[in-house]
Amino acid sequence: MSSPATAIRHRPDIVRTASEYGTTYRMRCPCGTTGPEQAARRMAQVDLNTHVLSLPRVPAAQRCHDQARHDRRDWEPCAVCEHQMPLFDLTIPTSEEQS
Ligand SMILES: [Zn+2]
Ligand SMILES: [Zn+2]
């Protein structure tokens with residue numbers, strides 16, 4: 001089984017909802033995570049930050065060095081930059097065992 005860990009992109013956003021009770025703000029992420037309704041945008045921003053911080057950290061080798069160009073965020077591994085890493089520390093896995 002292989003789990004496509006990069007399939008879901010975390011791009012949380014703050015959704016503003018105006019109702020008869022007033023304006024509320026809510027963090028919403030494409031991964032399905034939503035925050036509670038907040039009375040202030042600042043509070044929803046805290047929920048957003050908390051969600052981002054809860055994400056697993058990207059290994060140093062997969063961190064993006066040009067986020068604007070590669071359309072990556074701090075919490076997203078970058079395949080482009082990963083493949084641009086120098087190969088001096090590459091350990092070749094021995095997938096074939098001969099017995
Ligand atoms: Zn998310
Ligand atoms: Zn990159």
Side-chain angles (χ1 to χ4, degrees):
M1 284 192 288
S2 62
S3 58
T6 54
I8 298 172
R9 277 193 169 190
H10 296 277
R11 296 290 170 89
D13 207 356
I14 293 173
V15 182
R16 180 171 170 273
T17 307
S19 71
E20 54 186 306
Y21 305 108
T23 305
T24 57
Y25 299 86
R26 181 191 286 245
M27 181 276 291
R28 193 174 62 187
C29 186
C31 73
T33 304
T34 53
E37 280 190 17
Q38 305 285 10
R41 182 175 245 280
R42 181 171 43 85
M43 309 272 286
Q45 182 69 46
V46 171
D47 293 332
L48 192 156
N49 293 344
T50 303
H51 177 57
V52 166
L53 288 172
S54 75
L55 300 175
R57 292 183 56 171
V58 177
Q62 295 177 12
R63 243 169 247 159
C64 188
H65 307 295
D66 198 344
Q67 297 187 346
R69 228 166 82 190
H70 298 158
D71 189 28
R72 289 293 183 280
R73 300 294 184 268
D74 284 341
W75 54 91
E76 294 175 339
C78 182
V80 180
C81 289
E82 184 186 6
H83 292 136
Q84 283 175 354
M85 287 292 285
L87 301 177
F88 61 86
D89 199 21
L90 189 69
T91 50
I92 299 162
T94 52
S95 54
E96 289 182 25
E97 287 184 22
Q98 297 182 0
S99 55

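Whatever order the structure lists them in is the order used to number ligands and atoms, beginning at 1. Because the structure is a prediction, the values reported are computed rather than measured.
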So does R11 have more than 12 non-hydrogen atoms from other groups sitting under 6.0 Å from CZ?
-> yes

Atom pair NE2 (H10) and SG (C29), whose distance is rounded to the nearest 0.5 Å | 5.5 Å

The angle formed at the Zn ion (ligand 1) by NE2 of H51 and SG of C29 is about (to 10 degrees) 110°

By atom name, which N, O or S atom of H10 is the nearest to the Zn ion (ligand 1)?
-> ND1

Q67 vs D74 side-chain heavy atoms within contact, under 4.5 Å = yes

Testing L55, N49, L48 for side-chain contact (heavy atoms from CB on, under 4.5 Å) with P12, which one passes?
-> L48

Quick check: does H65 put an N/O/S atom under 2.8 Å from the Zn ion (ligand 2)?
-> no

By atom name, which N, O or S atom of H70 is the nearest to the Zn ion (ligand 2)?
-> ND1

What angle, in degrees and rounded to 10°, do you get at the Zn ion (ligand 2) when you join it to SG of C78 and to SG of C64?
-> 110°

R63 atom CZ, neighbour heavy-atom count above 12 within 6.0 Å | yes

